[in-house]
Amino acid sequence: GSALAREIAHTPYTSIILTGRREEDAGITRLVTDLRRTGADASYVQLDASDDGAMLELLVVLHARHGALAGVIHSAIVLENGPLSTMTDESFEAALAPKLATMTWMAQAFTHNAPSFIAVFSSLIGFSGGAGQANYAAASAALDAAADGLRHALACPVKVIDWGFWGETGIVATASERARLASQGMGALGTAEGIELFRQALASQHDRLVIARKQSAAMPQAARSEP
């Protein structure tokens, strides 16, 4: 999210509203400051994307201030990894809530005032599965299906991107995760590469794409599309 925000900030006359569950800390303050220095009108609002009421209230304010939104990027994620045998209902709910609840308020809020596009960041794990991540895999697969429904309900493009591993930025951009995924044949996308592929995804005729780098001569491309 932060990498894309920094890229979008270079667009003239841009307003960027970041939302997140955690209180504004030094890292968020630094990001907002950097976006403003680039020229964007940037701000951070602390709220939970799964809180329908709070999100709808924010949208009322944003529409009054900015009119129709140019775009919405949904990249909320909660990771609670562990063996399937020990996962509780609460573990599945924690992974599902930020992904699926967002689809609910978007369908309600954007029926008559849709943005120019909605980009939904999901995960390749919804296709492949992953040891210790059954809840996240289920949440990603459910998000893909919900976004397909949202696309048919709204008068705007809804792009679903099932991302592979971003190796330089994000919650899982760690050396241990890079080594673990490399052992499974999965390579890492660089930040600049991921941003360029995101641009291509928005311009693509496809509604849903899988974007990943696989460490295999059989699949040298960084991106593959899902019709």
Side-chain angles (χ1 to χ4, degrees), residues 1-78 98-122 143 146-147 150-151 153-161 163 166 168-171 191-204 207 209 211:
S2 61
L4 282 174
R6 292 180 188 279
E7 181 67 18
I8 294 169
H10 290 284
T11 305
Y13 311 111
T14 296
S15 296
I16 300 174
I17 296 87
L18 306 170
T19 66
R21 292 179 296 274
R22 74 178 189 266
E23 293 184 7
E24 182 170 340
D25 55 22
I28 293 173
T29 299
R30 183 167 55 253
L31 172 60
V32 172
T33 299
D34 289 346
L35 297 178
R36 290 173 177 170
R37 286 174 177 166
T38 304
D41 175 14
S43 59
Y44 176 78
V45 180
Q46 182 195 0
L47 51 76
D48 191 332
S50 65
D51 185 337
D52 294 11
M55 289 303 306
L56 291 172
E57 288 180 9
L58 174 61
L59 287 174
V60 169
V61 174
L62 295 181
H63 284 144
R65 184 179 302 168
H66 302 287
L69 303 182
V72 174
I73 300 174
H74 171 34
S75 60
I77 178 176
V78 169
K99 294 187 177 295
L100 293 189
T102 303
M103 298 292 100
T104 302
W105 65 255
M106 282 190 185
Q108 180 179 348
F110 296 142
T111 300
H112 302 295
N113 199 2
S116 299
F117 73 88
I118 297 173
V120 178
F121 283 14
S122 190
L143 176 62
L150 187 68
R151 183 181 306 110
L154 301 182
C156 70
V158 178
K159 298 282 189 176
V160 179
I161 305 176
W163 288 106
W166 284 58
E168 298 173 351
T169 185
I171 192 172
T191 301
E193 180 182 30
I195 289 172
E196 176 55 30
L197 289 169
F198 173 68
R199 289 183 178 276
Q200 294 180 28
L202 287 185
S204 168
D207 294 322
L209 299 99
I211 301 180

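In what follows, residues are counted from 1 in the order of the sequence shown.
Smallest separation of non-hydrogen atoms from Ala147 and Val160: CB-CG2, 3.4 Å.
A 4.5 Å side-chain heavy-atom check between Arg6 and Thr38 finds every atom pair outside the cut-off. Proximity of Leu143 to His74: side-chain heavy atoms (C-beta onward) are separated by under 4.5 Å at one or more points. Using a 4.5 Å heavy-atom cutoff, the side chains of Leu58 and Leu47 are in contact. Using a 4.5 Å heavy-atom cutoff, the side chains of Leu69 and Ile17 are not in contact. Proximity of Leu56 to Val60: side-chain heavy atoms (C-beta onward) are nowhere separated by under 4.5 Å. Here the side chains of Pro98 and Arg21 are in contact, with some heavy-atom distance below 4.5 Å. Annotation: side chain of Leu209 is not in contact with side chain of Leu197 (no heavy-atom distance under 4.5 Å).
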Margin query: Test side chain to side chain contact (heavy atoms under 4.5 Å, CB included) on Phe110 and Leu150; report intermediate values, then the result.
Written below: CA-CA 10 Å; Phe110 296 142; Leu150 187 68; over 6 Å; no
Next item on the list: Could you walk me through whether Phe121 and Leu4 pass side chain to side chain contact (heavy atoms under 4.5 Å, CB included), step by step?
Entry: CA-CA 12 Å; Phe121 283 14; Leu4 282 174; 3.2 Å; yes
Check: Can Tyr44 and Leu31 be said to form a side chain to side chain contact (heavy atoms under 4.5 Å, CB included), step by step?
Finding: CA-CA 9 Å; Tyr44 176 78; Leu31 172 60; over 6 Å; no
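The backbone N or O of Leu62 lies less than 3.5 Å from no partner atom in the side chain of His66, so there is not a single donor-acceptor pair. Checking side-chain atoms of Lys159 against main-chain N and O of Phe198 turns up no donor-acceptor pair under 3.5 Å. When atom types are taken as modelled, the side chain of Thr33 and the backbone of Thr29 share a donor-acceptor pair closer than 3.5 angstrom.
For Arg36, there are no salt bridge (Lys or Arg N to Asp or Glu O under 4.0 Å) partners, not counting sequence neighbours.
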